[in-house]
Amino acid sequence: MGQIVGIDLGTTNSVVGVVEAGRPIVIANSEGTRTTPSIVGFTKDSEIVIGDQARRQLVLNPKNTFYNLKRFVGRQWDELDDISISVPYNVKSNDSGSVRVLSPFTEREYAPEELISSIIRKLVNDAETYLGDTIDSAVITVPAYFNESQRQATKDSAVLAGIKVDRILNEPTAAALAYGFEKSSSNNVLVFDLGGGTFDVSLLKISNGVFDVKATCGDTQLGGNNFDSKIVDWLAEKFLMKYKIDLRRDRQALQRLTEAAEKAKCELSGLQKTKISLPFITTSDEGPLHIEEEFDRKLFESLSQDLLDRLFEPVQIALEDSGWDAEEIDEVVLVGGSTRIPMVQQLVKTLVPKDPCQSVNPDEVVAIGAAIQSGIISGDLRDLLLNDVTPLSLGLETIGGLMKVLIPRNTPIPVRQSDVFSTSESNQSSVVVQVRQGERPLASENKSLGKFRLSGIPPAPRGIPQVQVAFDIDANGLLEVSATDRTTGRKQTVSISGGSNLNEQEINKIIAEAKSKATEDRKKRSVIDRKNNALTLIAQAERRLRDASLEFGPYGAERQQRAVELAIQDVEEFIDDDDPRELEISVSALQEALFGLNRRFAAEKKIENNPLQGIKNTFGSIKDELFSDDYWDDDDDPWDNQMNSNYRNSRYGNSRNEDPWDNDYFL
Ligand code: ADP
Ligand code: MG
């Protein structure tokens, strides 16, 4: 059997590690460097080049050299933002809305996963050469906020490279794993990962080899590239003012600008000022033009203020979600090349009053963590356990458009949760399971992850069929949803891996929106609540009317029956009305009328059974009687019982958990 490796498949750089003699190490590539640029290109002869070789042809062959591919993985075209698309090569949408990358040299279009698979293949080949052994599987890291389809697409890339994926691991989790390795004390750790294209914050509790991710947050569209763009824009604007030529329109010039900007940025991490010189950047009527600029840290910092601002919120949200105060953080781990930028390090200190841990190499720490995880899987390392969490709540849509959460956000994974749902109409033969992800109480405000139908439900009154819906999230964060009809055993299962999942910015937006709209949502929810209650009550009243005419004949309880009929009409009139008070009043009137009718039933029954006892009961506590199951159960009709308990629960709350929304799930 071959070996397992750990791969940090970065947006900018990739790194491969392995456990050797019980210790995780990074393997150098065939060029002798420990990090491999995540770049793939094609030469004039349609030959593929990967890593440093591809990076070298970026300037001269920008249309056939592809970088930042990770931003496209598992994404649909319409999910991409302008920054992701503004690359010098051609990116487009295919007929089904998926992202495709075009190479003029090979005259072919590629799925991003296909190109990434060649990066994985190179890393694995180089590692095989070093190890002198074959490699059949890998642990691959992804940003914590990668959604289901991005994770799935990452897996697909590995499969295309001929590698089995043993585990998809969150990058910050991997970093913490590397950090916590050999540590035995208990620590609350904040992992701050700012790479080339993504930003992740994670809060972890590490104690005695157990890694527990408490909360994660971040921004998949923020990284070192954005800092480069700031410098590029500054250079290009200056040039534009001077020569009336926008260099950003020239692919080659843009590429050279970007490289020079990145170089200057990296230099400013150690120096106060640097020079940017780009001779022969373009030509004008007067001849060749050059760039020769002084650039210093202060200027760089003033250009990057808005990027720094964007680092704040994810940290704050993650802290809030974990329930920790910044003071409770024991260690801060800086991950990703961009955490070498001094202003970024300063910012982190203003968020958490701790000196960041310096002992971890930010470029390699994720790969080291992936290697450790591969060691745990292969059995080379023991006594480590790892728990990840779900980024957003997962649930489904129930009647009235309400979101029923099955797995709340930040639940440790793997996890399985299920609940029983029923039909909202009599003789309903199928139910639709609409899976949603988000924090809003109204389902339509949350992102749809997919839907499916479970059919073949035998005819039964509303509320009787029992459909068990289960959500299963595996250790990789991939979700599987199943629905089973308990009567027939019929089952439908779907894996949620479509291209329409959430990206991290959406996740942050959703959380912020949910917060700001909480009051509004509560109002909307109570409108739906009232309407559902009214409908339930009408159905119940109609049922009692039918029973009454059977029991007493058309005139036996005429007064009470008539009162119920009139009250139903009133409720129906106000049910779609905007004024909640009218509906409330009519609902109480119907309840009262129904109570009168039910009392008539009770009196009848009790007199039949025991005439004296009947009178005594009639004077008992009204509320207790009305809401006692025994009372309603007198005709042994499960339908009535169900209606009654639904009504009671939705109106007065479920005694078990206080939340009236937690009990009536109709699909
Ligand atoms: P990724 O995880 O996205 O692959 P890395 O962790 O390899 O990214 O970080 C790459 C980013 O770090 C690039 O944007 C690079 O310019 C930046 N970077 C690397 N070294 C430095 C440095 N010394 N100062 C500032 N930025 C740096
Ligand atoms: Mg990284």
Side-chain angles (χ1 to χ4, degrees), residues 6-17 26 29 33-40 51-52 55 58 67-73 83-84 116 119-120 123 140-146 150 154 169-178 191-202 218-232 257-272 274 295 297 300-301 303-304 307-308 311 333-348 358 360-370 504:
I7 296 176
D8 167 13
L9 197 58
T11 313
T12 325
N13 297 302
S14 296
V15 184
V16 55
V26 162
N29 60 24
T33 48
R34 292 158 74 87
T35 59
T36 302
S38 306
I39 307 177
V40 183
D52 287 312
R55 192 184 165 110
L58 264 176
Y67 62 92
N68 272 2
L69 290 162
K70 192 169 165 180
R71 289 198 168 184
F72 304 134
V73 163
I83 296 175
S84 303
I116 285 176
I119 300 174
I120 298 176
L123 296 169
I140 298 187
T141 59
V142 295
Y145 265 87
F146 253 28
Q150 289 168 302
T154 304
L169 187 63
N170 286 338
E171 285 162 15
T173 305
L177 193 54
V191 179
F192 185 101
D193 179 351
L194 188 62
T198 52
F199 172 45
D200 277 291
V201 188
S202 288
D219 190 334
T220 49
Q221 304 293 323
L222 181 61
N225 298 334
N226 303 82
F227 289 84
D228 302 342
S229 301
K230 292 285 177 193
I231 306 174
V232 168
L257 278 179
T258 308
E259 285 201 349
E262 189 187 1
K263 188 164 158 274
K265 173 190 73 176
C266 292
E267 282 168 1
L268 288 186
S269 293
L271 303 168
Q272 283 296 337
T274 181
F295 191 62
R297 216 184 254 186
F300 177 43
E301 292 179 1
L303 295 175
S304 316
L307 299 178
L308 282 189
L311 296 170
V333 179
L334 296 182
V335 180
S338 303
T339 58
R340 291 213 174 102
I341 301 175
M343 65 179 149
V344 172
Q345 296 182 356
Q346 275 154 18
L347 178 116
V348 177
Q358 301 285 333
V360 187
N361 180 345
D363 302 324
E364 296 180 354
V365 61
V366 172
I368 291 285
E504 181 178 0

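Residue indices begin at 1 and follow the sequence shown. Computed from a predicted structure; not experimentally measured. Atoms within each ligand, like the ligands themselves, are counted from 1 in listed order.
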Decide side chain to side chain contact (heavy atoms under 4.5 Å, CB included) for D200 and E171; before the verdict, give the C-alpha distance in whole Å, the side-chain angles of both, and the deciding distance to 0.1 Å.
CA-CA 8 Å; D200 277 291; E171 285 162 15; 4.2 Å; yes
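Remark: minimum distance from atom 15 (C) of ligand 1 to any protein heavy atom is reached at E262 OE2, 3.2 Å. Nearest protein neighbour of atom 23 (N) of ligand 1, counting heavy atoms only, is R340 CD, 3.6 Å.
Listed here is the closest heavy atom pair of R297 and S269: NH2-O, 3.5 Å.
In this structure, a donor-acceptor pair under 3.5 Å is present between the side chains of N68 and N225. Side chains of S14 and T36: no donor on one and acceptor on the other come within 3.5 Å.
When each atom of ligand 1 is checked for a heavy atom of G10 under 4.0 Å away, the hits are 4 (O).
For a threshold of 3.5 Å applied to N or O pairs, the pair formed by G337 and ligand 1 contains at least one separation below that value. Residue contacts with ligand 1: D228 is placed with no nitrogen or oxygen under 3.5 Å of a nitrogen or oxygen of the ligand (distance criterion only).
Between K263 and E259, none of the side-chain N atoms (NZ, or NE/NH1/NH2) sits under 4.0 Å from a carboxylate O, so this pair counts as no salt bridge.
The shortest separation from a heavy atom of T198 to ligand 1 is not under 4.0 Å, leaving the residue out of contact. No heavy atom of G223 sits closer than 4.0 Å to any atom of ligand 1.
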